[in-house]
Trainee: 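Structure incoming, see below.
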Protein chains: 2
Amino acid sequence: MGRTAGRSPQDTRRALLDAAADVVRARGIHAPLDDIARFAGVSKGGLIYHFASKDDLILELARDQLAAFQAGIDAALDPTDTAPGRLTRAYLRASVAPAGDDAAVRASMALVTQLMTLPAVAELARADAERLAAALAADGLPADVLALVVAAADGMSSAPLWGAPTHTPAHRRLLERLLHLTRHPHLWETLTP
Amino acid sequence: MGRTAGRSPQDTRRALLDAAADVVRARGIHAPLDDIARFAGVSKGGLIYHFASKDDLILELARDQLAAFQAGIDAALDPTDTAPGRLTRAYLRASVAPAGDDAAVRASMALVTQLMTLPAVAELARADAERLAAALAADGLPADVLALVVAAADGMSSAPLWGAPTHTPAHRRLLERLLHLTRHPHLWETLTP
DNA sequence: CGAACTGTACCGGCTGGTCGGTACAGTTCC
DNA sequence: GGAACTGTACCGACCAGCCGGTACAGTTCG
């Protein structure tokens with residue numbers, strides 16, 4: 001049996017990556033390849049045809065997720081915004097995510113922690129984080145304000161990992177105020193002890 | 001060969017939990033029992049003598065870590081501090097951790113994400129997080145300020161997970177200002193857009 | 001003696017990866 | 001035009017190794 005339905009190999013590859021994301025998120029990194037393949041409507045043999053090994057699949061998946069996050073930041077970049085801190089604002093918006101994509105970002109966080117168990121993925125993520133940190137540092141905001149905003153963004157997006165509720169009214173207000181703060185960074189100085 | 005050194009069974013139990021923490025952190029949840037036992041200077045049989053099953057060991061380890069974090073908060077509670085927000089301040093200090101224990105907290109974060117792959121542990125952590133959230137909510141701070149401080153604390157403590165540098169001067173100043181903010185929560189209102 | 005182990009042997013289940021097929025869409029060549 | 005061939009995309013059975021758990025006989029120390 002060859003190509004069963006009108007599905008291109010590229011579609012199958014994509015389906016396998018999506019299935020891997022779902023299954024790994026739900027059952028952990030050690031989910032059997034068979035289950036992932038089945039979930040994508042393919043046999044294990046079919047999976048191996050597209051990805052030489054499990055590590056290969058997982059690494060590809062990690063690259064995919066990292067790229068998706070970066071794409072989220074890019075999409076959150078306001079083209080009319082040319083003031084210092086524009087990238088930081090995009091990072092903030094992408095991390096917290098507008099209500100619609102809210103679940104997706106949360107899920108992607110849980111997934112990434114699973115993927116990180118593979119040393120190769122950890123290294124990949126580290127390099128990516130470093131790159132992002134450098135870009136943010138060059139965004140024109142005072143280091144203190146940047147540290148606050150990034151910490152708060154990371155905290156809001158990682159909170160659901162521990163099962164905390166997210167996207168409460170307080171969180172929405174917090175997002176607004178942080179965005180405001182990046183536009184008037186001097187305000188933070190008034191909080192000096 | 002029975003009791004090799006002058007080590008009490010309680011010490012052996014502790015050594016096993018510590019070994020499990022180290023090995024699981026380094027090699028993941030699926031590290032063989034044999035390796036954990038060996039690392040604690042005990043045979044696999046000896047491990048099974050203390051912990052009926054692997055799940056038993058992992059669950060005990062999770063409880064241990066959760067208790068350690070709570071102990072960290074308790075230790076960070078300033079007995080002379082009776083103002084609103086005292087628990088939040090302790091949470092903040094415990095999350096970021098004084099320089100000495102810095103590596104320990106980071107490590108404990110990485111470990112917990114490993115343990116969370118076990119559903120029973122995830123449930124345990126969720127319940128614990130809920131309990132903590134409730135205690136923080138009753139700490140007497142405005143919800144907005146609490147949300148900011150908790151998010152920033154979570155962000156600072158989870159950042160090393162993605163490999164970002166921690167404990168920079170900016171971070172230290174951030175900690176100070178957040179502590180200051182919990183003592184003068186009205187200051188945050190001045191940042192309203 | 002009994003608690004606290006050690007060491008070995010073994011079972012059973014799971015899982016990653018291999019491998020020999022198979023279906024079929026094109027392409028080539030007469 | 002059609003027979004022969006090729007490459008792609010997959011299937012499904014199988015195997016080898018690992019790992020958790022069990023069983024048990026022996027050993028050492030308080």
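Chain naming here is simple, since letters A, B, ... match the order of the sequence lines and numbering starts at 1 in each. All of these numbers come straight from a predicted model, not from anything done at the bench.
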Trainee: Return no unless some side-chain N or O of A:Y49 is found under 4.0 Å from OP1 or OP2 of D:dC10.
Mentor: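 For D:dC10, neither OP1 nor OP2 has a side-chain N or O of A:Y49 closer than 4.0 Å.
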Trainee: Between D:dT8 atom C1' and A:F51 atom CZ, what is the distance in whole Å?
Mentor: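 Computing the A:F51:CZ to D:dT8:C1' distance gives 16 Å.
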Trainee: Which residue pairs satisfy the side chain to side chain donor-acceptor pair (under 3.5 Å) criterion with at least one member in residues 125-137 of chain A, sequence neighbours excluded?
Mentor: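 Matches after skipping sequence neighbours: A:Q70-A:R131, A:E123-A:R126, A:R126-A:E130, A:D128-A:R131.
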Trainee: Let me know the distance between CG of A:L16 and P of D:dA9, rounded to the nearest Å.
Mentor: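 For the pair A:L16 CG and D:dA9 P, the rounded distance is 13 Å.
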Trainee: Who pairs with A:D34 by salt bridge (Lys or Arg N to Asp or Glu O under 4.0 Å), at least two apart in sequence or on another chain?
Mentor: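 With sequence neighbours excluded, A:D34 shows a salt bridge (Lys or Arg N to Asp or Glu O under 4.0 Å) to A:R38, given in chain and number order.
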Trainee: Is there a side-chain contact between A:H50 and the phosphate of D:dC10, meaning an N or O under 4.0 Å from OP1 or OP2?
Mentor: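 Yes, within the criterion.
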Trainee: Quickly work out the A:L47 CG to C:dT15 C1' distance and round it to whole Å.
Mentor: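 Rounding to the nearest Å, CG of A:L47 and C1' of C:dT15 are 13 Å apart.
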Trainee: Is it true that B:D144 and A:R177 make a salt bridge, defined as a side-chain N closer than 4.0 Å to a carboxylate O?
Mentor: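 The answer is yes: the pair qualifies as a salt bridge.
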Trainee: For A:D35 and C:dG13, what is the distance between atoms CG and P respectively, to the nearest whole Å?
Mentor: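 Between P of C:dG13 and CG of A:D35: 18 Å.
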Trainee: Looking at residues at least two apart in the chain, or sitting in another chain, which of them share a side chain to side chain donor-acceptor pair (under 3.5 Å) with B:T168?
Mentor: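 Listed in chain order: B:H171.
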Trainee: Report yes if a side-chain nitrogen or oxygen of B:T12 is closer than 4.0 Å to either non-bridging phosphate oxygen (OP1 or OP2) of C:dC5; otherwise report no.
Mentor: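 It does, given that an N or O in the side chain of B:T12 lies less than 4.0 Å from OP1 or OP2 of C:dC5.
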Trainee: Could you encode protein contacts along nucleotides 16-25 of chain D as a string, one character per nucleotide from 5' to 3', using B for base contact, S for sugar-phosphate-only contact and - for no contact, with a heavy-atom cut-off of under 4.0 Å?
Mentor: ---SBB----
Trainee: Using the side chain to side chain donor-acceptor pair (under 3.5 Å) criterion, which residues pair with B:R27? Sequence neighbours excluded.
Mentor: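 In terms of side chain to side chain donor-acceptor pair (under 3.5 Å), with neighbours along the sequence ignored, B:R27 is linked to B:D35.
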Trainee: With sequence neighbours left out, which residue pairs that include part of residues 47-67 of chain A fulfil the side chain to side chain donor-acceptor pair (under 3.5 Å) condition?
Mentor: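 Non-adjacent pairs meeting side chain to side chain donor-acceptor pair (under 3.5 Å): A:R14-A:D64.
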